[in-house]
Chemist: 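Take a look at this one; I'll ask things after.
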Amino acid sequence: MRKEWPGIIEHYRDFLPVLPHTRPVTLLEGGTPLLPLERIPEKLGIKISLFAKIEGQNPTGSFKDRGMTLAVTKAHERGAKALICASTGNTSASAAAYGARAGLKVYVVIPEGKIAKGKLAQAVMHDSVVIQIQGLFDEALQVVREISETHPVALVNSVNPDRLEGQKTVSFEICDFLGHEPTYHFLPVGNAGNITASWMGYREYKMAGKMRELPRMVGVQAEGAAPIVKGHIVEKPETVASAIRIGNPASWQGALKAASESRGEIIALSDERILEAYRMLAREEGVFCEPASAASLAGVIEYARNGRFLSGETVVCTLTGHGLKDPETALSTPHSEIRVPPGKEAVLKVLGFH
Ligand SMILES: *Cc1c(COP(=O)(O)O)cnc(C)c1O
């Protein structure tokens, strides 16, 4: 019988800062599919091996679980009784679930009215205390950082180094699956923890002799929330991709370092381009991710249109979260609503059988 996937801490124990007796707080996260995409490269007219790392298949529907299992495990081990985080949604969903699993109290501070419905539902169901702040994510993060410095609540945002340690395992999985490093790795950039962690993962795996070269990292921001690309803080970040609506990323330097060391870059694309990729994934490949996640594919499309890929290159894009998180954006994409009277006739007519 095939052994159950044990979660990222057990699977990659040797690469993680845990003690031999550490008992993971886990929901068996990680081990997500690296799905080959064939119709999209064909449509774009490029001959690359394109893969999507489907992080929406983590237990709470986003990559945040990789970092959260380690952050909560370590906080629990240190005797924490409560967790706190600021969130654009997925961090709170993940903290709420892992906190529940460990029997810890969880406080989440979110920008009022700016959270996708599915994420809020998760925080509520796992019984966290949801505090809606009349401000932006960046302000929420400032508040929870200050509180955690002076009060006995453990901060589980990605400024907590354990989060990044856990999140780096996505790169291990990609290399283990491919048997080598990809040529390029595209991913959305919000608070920039994920690109920082993914780059750290690749570097460590290379040091361990698990791969020969390093991929080029391409981070994609939304045009209305692109502080790294613009080189200055964005006071009022705005984008449909709510998970990356961040004006002052905590891991700004980490993102710059990942881009420059890997000979990659951070780019910005419009909401229109992000939504184009969002629809393309769903319609061409059967993959439903949330809008922010599609920024990675939007980056691939941008490269393809500019003739940046060489034939035979291996390209991975991280799809960071599940599409069901944000049903409102999905339902606001143009689609036909067909209403008919009861009975077979009207349905047959729609089908084109007269
Ligand atoms: C958190 C998140 C991001 C952004 O990741 P950062 O580490 O903040 O750059 C992108 N997409 C989704 C779905 C997320 O939840």
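Because the structure is a prediction, the values reported are computed rather than measured. Values below: every heavy atom of this structure, side chains too, minus hydrogens, waters and symmetry copies. As the structure lists them, so they are numbered: ligands from 1, and atoms in each ligand from 1. Heads up: numbering here begins at 1 and tracks the sequence.
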Chemist: Pair V108, H126 - check side chain to side chain contact (heavy atoms under 4.5 Å, CB included), show working.
Modeler: CA-CA 12 Å; V108 307; H126 295 302; over 6 Å; no
Chemist: Please indicate whether R279 has more than 12 foreign heavy atoms, meaning atoms of other residues, nucleotides or ligands, lying under 6.0 Å from its CZ.
Modeler: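 It does: R279 CZ has more than 12 such atoms within range.
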Chemist: Considering both backbone and side-chain atoms of G190, is one of its nitrogen or oxygen atoms within less than 3.5 Å of a nitrogen or oxygen in ligand 1?
Modeler: yes
Chemist: Please classify the T91 to ligand 1 contact at 4.0 Å (heavy-atom distances, strictly less than): side chain, backbone, both or neither.
Modeler: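 Within the 4.0 Å criterion, T91 makes no contact with ligand 1.
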Chemist: Which protein non-hydrogen atom lies closest to atom 8 (O) of ligand 1, naming both residue and atom, and how far is it?
Modeler: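 Of the protein heavy atoms, N191 N, 2.7 Å lies nearest.
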Chemist: Among all the protein's non-hydrogen atoms, which is closest to atom 7 (O) of ligand 1, and how far away is it?
Modeler: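 Its nearest protein heavy-atom neighbour is N194 N, 2.8 Å.
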Chemist: List the closest protein heavy-atom neighbour of atom 5 (O) of ligand 1: residue, atom name, distance to the nearest 0.1 Å.
Modeler: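 Heavy-atom neighbour on the protein nearest atom 5 (O) of ligand 1: F63 CZ, 3.4 Å.
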Chemist: Just jot down the ligand 1 atoms closer than 4.0 angstrom to any heavy atom of G321, in number order.
Modeler: 13 (C)
Chemist: So with a 6.0 Å cut-off around CD of E42, is the heavy-atom count from everything else above 12?
Modeler: no
Chemist: Using a heavy-atom cut-off of under 4.0 Å, does the side chain or the backbone of K325 touch ligand 1, or both, or neither?
Modeler: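 No part of K325 is near ligand 1 at this cut-off.
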Chemist: Report yes or no: do V156 and V159 belong to one cluster of Ile/Leu/Val/Met/Phe/Trp/Tyr joined by side chain heavy-atom distances under 4.5 Å?
Modeler: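 Different clusters: V156 never reaches V159 through Ile, Leu, Val, Met, Phe, Trp or Tyr contacts under 4.5 Å.
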Chemist: Taking the inter-plane angle between the rings of Y303 and F309 on a 0 to 90° scale, is it parallel (under 30°), tilted (30 to 60°) or perpendicular (over 60°)?
Modeler: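 Y303 vs F309 ring planes: tilted.
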Chemist: Numbering the atoms of ligand 1 from 1, which are under 4.0 Å from a heavy atom of G193?
Modeler: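 So the answer, numbered in order with elements, is 6 (P), 7 (O), 9 (O).
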Chemist: What residue and heavy atom of the protein are closest to atom 1 (C) of ligand 1, and at what distance?
Modeler: K64 NZ, 1.4 Å
Chemist: Dump the intermediate steps for side chain to side chain donor-acceptor pair (under 3.5 Å) on N306 and E302, then the final yes or no.
Modeler: CA-CA 6 Å; N306 294 329; E302 173 73 4; 3.2 Å; yes
Chemist: At a non-hydrogen distance cut-off of under 4.0 Å, which region of Q167 contacts ligand 1 (side chain, backbone, both, or neither)?
Modeler: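 It is neither part, as no heavy atom is under 4.0 Å.
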Chemist: Within a 6.0 Å radius of atom NZ on K230, are there more than 12 heavy atoms belonging to other residues, nucleotides or ligands?
Modeler: yes
Chemist: Would you mind running through ligand 1 and noting each atom that sits below 4.0 Å from a heavy atom of E290?
Modeler: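 Answer, ordered by atom number: 13 (C).
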Chemist: Other residues, nucleotides and ligands only: do more than 12 of their heavy atoms fall within 6.0 Å of NE2 on H151?
Modeler: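 Incorrect, the count does not exceed 12.
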Chemist: So for A192, does at least one of its heavy atoms come nearer than 4.0 angstrom to any atom of ligand 1?
Modeler: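 A192 counts as a contact of ligand 1 under the 4.0 Å cut-off.
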Chemist: For ligand 1, which part of N90 has a heavy atom less than 4.0 Å away: the side chain, the backbone, both, or neither?
Modeler: side chain
Chemist: Among D326, T60, T320, which residue places a heavy atom closest to atom 13 (C) of ligand 1?
Modeler: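 The residue whose heavy atom sits nearest atom 13 (C) of ligand 1 is T320.
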Chemist: Tell me whether the rings of Y12 and F15 are parallel (<30°), tilted (30 to 60°) or perpendicular (>60°).
Modeler: perpendicular
